[in-house]
Amino acid sequence: MRLDRVWLIYRADSLAALREARRCADDLTSLGAEVTLAMSGPKANPFPGLMASEPTLPNVAVVLGGDGTVLGAARHLAVHDVPILCFNVGGHLGFLTHDSTMLGGLELWQRLIDDQFALEQRMMLQATVHHGRDLRCAMEDGSRSQVPADASDALERHWALNDLYLRPHREDLAPTCILELEIDGEVVDQVRGDGLILATPTGSTGYAMASGGPILHPGIDAIIVSPICPMSLSSRPVVVPPRSRLMIWPLGEGERPVKLWKDGVAGAVLESGECCMVQRAPHHALMLQLDRKPSYYRTLAQKLHWAGSLIASEPSPN
């Protein structure tokens, strides 16, 4: 890998991440790389500015923070096929990151130059929101009835590495909604409850897991559909093939809009009669893997504290 241009993205509210970013910038500059530092957080999105001001895309984006910082980078950089190298500096669980102890010195960057790494593709989701009122949401391949040409609607796209979810938008009303779920043209359920989660295997250990959904290995391409606190015992999490197209329609009174969230970041507001189509994104998040013997199950055991007393002491004879 060439290191002609590197973006260093660090967590906005972490002094440790800022210090580490400056140290990494000094090391990369000594190797001849052009380095750009930018902070990222809930109130600081550096990517539109970087895309507009930087002359070219970077060879790699180095992310220093937690999983939230990584998700923000993936949403903006995956569509441009920019590889991402992540380290847990100031984060919490860090499912997507390397340990910060790997930072320090020129050895790390020399490994990249010598191509001593693996490139892991992570499936992402795409949400297409149709804001036309009282119109059927058109599939992108035209398989559904087309929207009239004179309709004053707008399509917008949102991407997520972890999950997309829809929840009630109004805070002054009870946080419940009715969402009609259609999969590949067939109405499957009308979910009544706090909302609906559409998650990737990467996001299966996040909000979807907290709502009772399954954990999927990231090597599996599939979409998890998980209701949030449903009012019916028959509304259960399901896993559907990656080529599935899911349509979500808010039902009920017009003054009860729902809001689309992408990896925990606000997306769009949908009124009754509008719809959201969710499908596998056409691009993947490209994650650099430095561990010579990576193990997803070891990561699960460590982050979720599975059999913590056994891991902390001597393993069993088995």
Side-chain angles (χ1 to χ4, degrees), residues 1-122 124 159 161 202 263 283-294 299:
M1 171 183 286
R2 298 177 63 89
L3 292 181
D4 300 326
R5 183 175 296 275
V6 178
W7 289 358
L8 281 169
I9 311 298
Y10 62 92
R11 180 171 171 167
D13 59 352
S14 172
L15 290 176
L18 174 59
R19 288 194 297 267
E20 199 61 63
R22 290 172 174 170
R23 187 178 301 116
C24 291
D26 291 340
D27 291 341
L28 287 165
T29 301
S30 70
L31 294 174
E34 294 188 29
V35 181
T36 301
L37 275 73
M39 66 178 182
S40 177
K43 298 181 180 180
N45 180 4
F47 298 101
L50 289 172
M51 297 294 181
S53 61
E54 291 291 300
T56 59
L57 291 170
N59 303 108
V60 63
V62 179
V63 178
L64 306 173
D67 287 339
T69 315
V70 178
L71 295 173
R75 284 195 306 275
H76 291 87
L77 298 179
V79 69
H80 300 289
D81 294 327
V82 175
I84 303 172
L85 177 60
C86 319
F87 296 94
N88 189 5
V89 183
H92 298 292
L93 283 178
F95 269 99
L96 299 172
T97 58
H98 294 86
D99 193 275
S100 60
T101 57
M102 300 185 70
L103 290 165
L106 301 179
E107 180 183 355
L108 168 64
W109 313 116
Q110 191 62 46
R111 284 188 60 183
L112 299 187
I113 295 172
D114 295 338
D115 293 333
Q116 295 180 9
F117 60 86
L119 194 60
E120 184 180 18
Q121 293 187 340
R122 292 287 184 112
M124 297 187 69
W159 294 303
L161 175 57
T202 298
D263 293 336
H283 51 267
H284 289 78
L286 304 179
M287 315 295 287
L288 289 183
Q289 176 59 252
L290 298 176
D291 195 338
R292 291 182 172 86
K293 293 182 178 180
T299 300

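The model shown is predicted, which means the values in this text are computed figures rather than measured ones.
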Enquirer: Checking Asp99 side chain against Thr101 main chain: does a donor-acceptor pair fall under 3.5 Å?
Expert: yes
Enquirer: Is any side-chain heavy atom of Leu28 less than 4.5 Å from a side-chain heavy atom of Trp109?
Expert: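 With C-beta onward as the side chain, the pair touches.
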Enquirer: Report the residues that fulfil ring pair (Phe, Tyr, Trp, His ring centres under 6.0 Å) with His284, sequence neighbours left out, ordered by chain and then residue number.
Expert: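 Here no residue qualifies.
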Enquirer: Within the 4.5 Å heavy-atom criterion, are Leu106 and Ser30 side-chain neighbours or not?
Expert: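 In contact.
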Enquirer: Please answer whether the main-chain N or O of Leu57 pairs with a side-chain N or O of His80 as donor and acceptor at a distance below 3.5 Å.
Expert: no
Enquirer: Quick one: does any side-chain atom of Asn88 pair with a main-chain N or O of Gly66 as donor and acceptor, under 3.5 Å?
Expert: no
Enquirer: Do Leu286 and Leu77 touch side chain to side chain, with heavy atoms closer than 4.5 Å?
Expert: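 Leu286 does not reach Leu77 side chain to side chain.
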Enquirer: Do Leu96 and Val63 have side chains that get closer than 4.5 Å, going by heavy atoms?
Expert: no
Enquirer: What I want to check is whether the side chains of Glu20 and Ser100 have a donor and an acceptor closer together than 3.5 Å.
Expert: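 No, because no side-chain N or O of Glu20 sits under 3.5 Å from a partner of the opposite role on Ser100.
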Enquirer: Do the non-hydrogen side-chain atoms of Val60 and Arg2 ever get within less than 4.5 Å of each other?
Expert: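 Side-chain contact under 4.5 Å: no.
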Enquirer: Any pair with a residue in residues 57-69 that passes side-chain hydrogen bond (donor to acceptor under 3.5 Å, both in side chains), sequence neighbours left out, goes on the list, sorted by first then second residue, please.
Expert: none
Enquirer: Please walk me through it: do Ile9 and Leu50 pass side-chain contact (heavy atoms from CB on, under 4.5 Å)?
Expert: CA-CA 11 Å; Ile9 311 298; Leu50 289 172; 4.0 Å; yes
Enquirer: Please report the C-alpha distance between Thr97 and Val89 in whole Å, then the side-chain angles of each, then the deciding distance to 0.1 Å, and finally whether the side-chain contact (heavy atoms from CB on, under 4.5 Å) criterion is met.
Expert: CA-CA 9 Å; Thr97 58; Val89 183; over 6 Å; no
Enquirer: Quick check: do His98 and Leu85 have side-chain heavy atoms less than 4.5 Å from each other?
Expert: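 In contact.
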Enquirer: Would you tabulate the side-chain donor-acceptor contacts of residues 37-46 under 3.5 Å, counting partners in other chains and residues two or more places apart, or write 'none'?
Expert:
unit_1	atom_1	unit_2	atom_2	d
Asn45	OD1	Phe47	N	3.2
Asn45	ND2	His76	NE2	3.3

Enquirer: Mind checking whether Gln289 and Leu119 have side chains closer than 4.5 Å, heavy atoms only?
Expert: no
Enquirer: How long is the gap from OG1 on Thr202 to CE on Met124, to the nearest 0.5 Å?
Expert: 9.0 Å
Enquirer: Would you compute the distance between atom CG of Leu290 and atom CZ of Phe117 and round it to the nearest 0.5 angstrom?
Expert: 8.5 Å
Enquirer: Just so I know, are the side chains of Leu64 and Leu103 near enough to count as touching, which here means a heavy-atom distance under 4.5 Å?
Expert: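 Leu64 vs Leu103: side chains touch.
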Enquirer: Can you tell me if Arg122 uses its side chain to pair, donor with acceptor, with the backbone of Met287 under 3.5 Å?
Expert: no
